[in-house]
Amino acid sequence: MGTKRWLAAVFVSVLIIALLVILLFQAGADDRLVASMLPGLEKRFGARITYREMDASLTAVTIEDVAVYPQSGQHPFVVIERLVVNVRIGPLLFGDLEITGLKLDGLEARMGDRVEGASFADWLALSKRTSRFGDSATGDGSDPSNTALPEIYLTSSRMKIDNGRFHLGVQGISGWIGSDKRTALDIDQYDLRHLNRPLFKGTTATIQLQPDKQLITASLEQPQFELLASSERVAHLLTDARDVLRLSTDQPTPEPAEASDAGTDTAAAVEPADPRNRTSDDSWKRLFETYDIRLAISEASGKVINADKPSRVLTIDDVTAKVTSVDKKEIAIRANGSLPGTNAAWGLGVTWPLAGDPKLVLEVPDLPLHTIGELLMDNDVVQWNSATADGKITVAFLKQGRQLGLTGRLAVSGLGIHHERLAAAPLLGFDVNADYKVTYDRQEKVFHLERFLLSRGLARLTLRGDVAIEKKALDLTLSLPPTPCQHLLRAVPPEMATRISDVRLDGQMALDLRMAVDSTDPEATTLEVDLDNRCRFADMGKIPAPNYFRGPFSYTAYTETGDSLRLVTGPGTDRWAPLMAISPYVIEALMTTEDGKFWRHKGVTVPELRRAIELNLKKDALRHGASTITMQLAKNLFLTRERTVARKLQELFMVWYLETNFTKEEILELYLNAIEFGPSVYGIHDAAIHYFGRAPIELNTIESVYLIRRLPNPVTRHRSYERGKVSKRELASLHRVLLRMLERNRLTKQEYDQALTQEIVFFKEGDPWPSQRRPVVRLVPGDSAFGSIDEAPEGDMGENDEASAETPF
């Protein structure tokens, strides 16, 4: 037999024997595979595996409906519609299993009870076991070749994760994982939610893992995002993210989940997280420390929604972002984008240390504010059309998100503001700069202002202190460094300085003011003012010169309905009553009820302001004011009846004008001759005639008190005159004023007793004139009307204080 024929015979014999062996093996292959493969896999993964059907061929094992469970758990890690295990023929002939590749079709990974998946802790334990595959040693003494990771191919796979705070759904995962752990995956669709609110979704994403380069890269094309604009929401989001990713070894106690907004599943949003998901394992942290992670986002778009008013939405387009783990010590996010319909660009940077708290930096160079105005505030208050903002804002999430640190600068220009309590006309083109360092405690609801510098033009104010929102308390210090007075004047918007816009000042002013208020302890209210006012008039502009009021002059008075009257008075006119021609009891009553410290203050009284704040806190209402005689005169001579910040600012300026250019006697004389005592009844001369048919010098004590008690509501308190008699209740009120005058030594006991016997007899048009009285002469000589006797106690403005309750604005 030739050599070739011999070799052919041997080959055919061996082939026949091999086929017989294969056929014999195949008859029990499924059972043998179950007996040999599954226990080994379960031991390696620390899991139990179930399946519905298995089919073995010469080169592959196909398993249908596979599920992998934790050793002690009811919910699976993964379920697989079809698992194909590729094996080598040689070892299989001798009963050994050597896997060369896996193909998973329809794999679904699950994490969290809400998606009927294994817990986060079980997944972390599984990841530790699988991470050893392909390493040089397994750690359990087995042969490394037996633990090498085979080629894995994924088709039509998906993933669901829900830990009670975050929900992630991923569809259409396909790709491969190499034996060297190199990974390439494509994703068709993904959706990330926080507390059942949409957060991030998109189509088309790729992920690549390169262990040899310690690099993970991912890219997202045209994703959509949605964010609720609220510091509380953002802080909660970052706290939860840090907790899930284990980026800090100091694990905080999570806050209760917030209820979702309208249109979401509230019950799902507030359900607490599975406590099994909380673990001290820091596998994620090790991942970030081991690999450089790079995420590229291109052409993203989305919206930011006002958390309080969901109808207010800001749309953002063309967002590009890069996420990297810098030097394997922190995660860095850099993003930029634009607003629809504008050329405006913004930049965002986030740094997230692996063992610390995240910090966010937002830069807005010349950002048109009309695009975000609706998100911030009602348009009927703020006009954004011409407004721009330029600045840099840094937000640090401190102490595991329990505190927010705000630092930066912001310049706003071209802003329009219209509010009825601010000014009668809208503020147009308003500019302001802010430089601040503020900490907000989310648990205590307290703002701590380490520095809050406001500047407008060349004027600068600094605020420092604390503001407690829920406790309705504050302790603030306001500081104005020595500043030229003209700079301060120009810092007031023109719409709020209509009467003083053309005034020019010399000199400078400095101010330190501290206010401490606690609604739970009104008596502890503190108000301290240190004012160094060295301002001087260089040009009074449209303000009348002081001599204008030392002869006949005209001024505009306003009725309760807003109508204006042009009145003429002043020395030399019939309606003018010199101070010495006015009953001294009028002045004594005025000092008692309206302004007990008139002779000592310079137009504003700090103790009375503090007392008014205290009383308003006690009654939880703005019922008490601290308006002095000089303030009332400034309002009546120069200003309208509008109750705005603008009027109050100008009123304070005119108070300074009066106190600077007139004596106290001149101010008092002007006041009594200009103030309203009843409907269209202005000045003490007309009032004495209107009510009693007498000259001001003839008024007795009870008549003087009655006239002063018409203030500051002369129209309302005119009703007793209209009725023709004083009620018992009102008479008792007048007698209380008399008693107060006695207690303050403004009446002698004899004058007091005599006043109690006096009656109010009104004079009506057509009545005969009453018989003329002798001018009132004090029974005890003295000039108490001009401040030589004891004045009101500290903090006591007078009997009419509550009735004169004009609120600050």
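The chain is numbered in sequence order, starting from 1.
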Minimum side-chain heavy-atom gap Tyr51-Leu83 below 4.5 Å | no
Could I get the full list of side-chain contact (heavy atoms from CB on, under 4.5 Å) partners for Ile161, not counting sequence neighbours?
-> Met111, Met159, Leu168
Heavy atoms from other residues, nucleotides or ligands near NZ of Lys471 exceed 12 (cutoff 6.0 Å) | no
Can you sort out the partners of Lys322 under side-chain contact (heavy atoms from CB on, under 4.5 Å), two or more places apart, ordered by chain and number?
-> none
Side chains of Arg197 and Ile305: does their closest heavy-atom pair fall under 4.5 Å?
-> yes
Return yes if some donor-acceptor pair links the side-chain N/O of Trp123 with the main-chain N/O of Gly112 below 3.5 Å, else return no.
-> no
Rounded to the nearest 0.5 angstrom, the NZ-CH2 distance for Lys359 and Trp352 is 15.0 Å
Minimal non-hydrogen separation, Ala389 against Leu410, with atom names | CB-CD1, 4.2 Å
Results of side-chain contact (heavy atoms from CB on, under 4.5 Å) for Asp441 - residues two or more places apart only = Gln403, Gln443, Glu444
Rounded to the nearest 0.5 Å, the OH atom of Tyr291 sits from the CD1 atom of Ile216 at a distance of 6.0 Å
Taking every heavy atom of His167 against every heavy atom of Asp162, the minimum-distance pair comes out as ND1-OD2, 3.2 Å
Is the shortest heavy-atom distance from the side chain of Leu237 to the side chain of Phe166 under 4.5 Å?
-> yes
Before giving the answer on side chain to side chain contact (heavy atoms under 4.5 Å, CB included), spell out for Thr315 and Leu339 the whole-Å C-alpha distance, their side-chain angles and the decisive distance to 0.1 Å.
-> CA-CA 7 Å; Thr315 303; Leu339 303 181; over 6 Å; no
Under 3.5 Å: donor-acceptor pair, side chain of Ser219, backbone of Ile207 = no
Any side-chain heavy-atom pair of Tyr440 and Val438 under 4.5 Å | no
Using only heavy-atom distances, determine whether the side chains of Thr324 and Asp292 contain a donor-acceptor pair under 3.5 Å.
-> no
For Ile152 and Trp176, what are the C-alpha separation, side-chain angles and deciding distance, and is it a side chain to side chain contact (heavy atoms under 4.5 Å, CB included)?
-> CA-CA 5 Å; Ile152 300 175; Trp176 59 272; over 6 Å; no
Glu116 atom CD: more than 12 heavy-atom contacts under 6.0 Å | no
Full working for side chain to side chain contact (heavy atoms under 4.5 Å, CB included) between Ile393 and Val364 = CA-CA 9 Å; Ile393 304 171; Val364 286; 5.6 Å; no
Compare every heavy atom of Ser298 with every heavy atom of Pro223, then report the nearest pair and how far apart it is.
-> CD-O, 3.7 Å
Whether over 12 other heavy atoms sit under 6.0 Å from Arg294 CZ = no
Matching residue for Leu209 among Thr183, Leu185, Ile293 - test: side chain to side chain contact (heavy atoms under 4.5 Å, CB included) = Thr183
Min side-chain heavy-atom separation Val446-Val467 under 4.5 Å = no
Apply the test side chain to side chain contact (heavy atoms under 4.5 Å, CB included) to residues Gln171 and Asp188: give CA-CA distance (whole Å), side-chain angles for both, the deciding distance (0.1 Å), then the verdict.
-> CA-CA 6 Å; Gln171 302 290 331; Asp188 291 338; 5.6 Å; no
Electrostatic pair Lys201-Asp191, nearest N-O below 4.0 angstrom | no
Between OG1 of Thr394 and NZ of Lys437, what distance do you get to the nearest 0.5 Å?
-> 11.0 Å
Is there a side-chain hydrogen bond (donor to acceptor under 3.5 Å, both in side chains) between Thr320 and Asn336 once you walk through the steps?
-> CA-CA 6 Å; Thr320 61; Asn336 58 74; 3.0 Å; yes
How would you list, by chain and number, every residue that makes a side-chain contact (heavy atoms from CB on, under 4.5 Å) with Glu299, sequence neighbours excluded?
-> Gln222
Under 4.5 Å between any side-chain heavy atoms of Thr439 and Phe447, yes or no?
-> no
If you measure from CZ on Phe397 to CZ on Arg442, what distance do you get to the nearest 0.5 Å?
-> 8.5 Å
Just jot down the salt bridge (charged side-chain N to carboxylate O under 4.0 Å, His left out) partners of Arg182, sequence neighbours excluded, or say none.
-> Asp212
Between Glu330 and Thr351, is any pair of side-chain heavy atoms under 4.5 Å apart?
-> yes
What's the spacing between Leu220 CG and Tyr190 OH if we round to 0.5 Å?
-> 4.0 Å
Mind checking whether Pro76 and Val68 have side chains closer than 4.5 Å, heavy atoms only?
-> no
Residue pairs meeting salt bridge (charged side-chain N to carboxylate O under 4.0 Å, His left out), one or both in residues 73-82, sequence neighbours left out, come to Glu64-Arg82, Glu81-Arg158, Arg82-Asp105
Smallest heavy-atom separation, Ala321 atom then Ala335 atom, equals CB-CB, 3.7 Å
CD of Glu363 to CG of Asp390, rounded to nearest 0.5 Å, is 9.5 Å
Taking all non-hydrogen atoms of both residues into account, name the closest pair between Phe77 and Ala47 and its distance.
-> CE1-CB, 4.3 Å
Considering all heavy atoms, the nearest Pro70-Ala118 contact | CG-CB, 3.8 Å
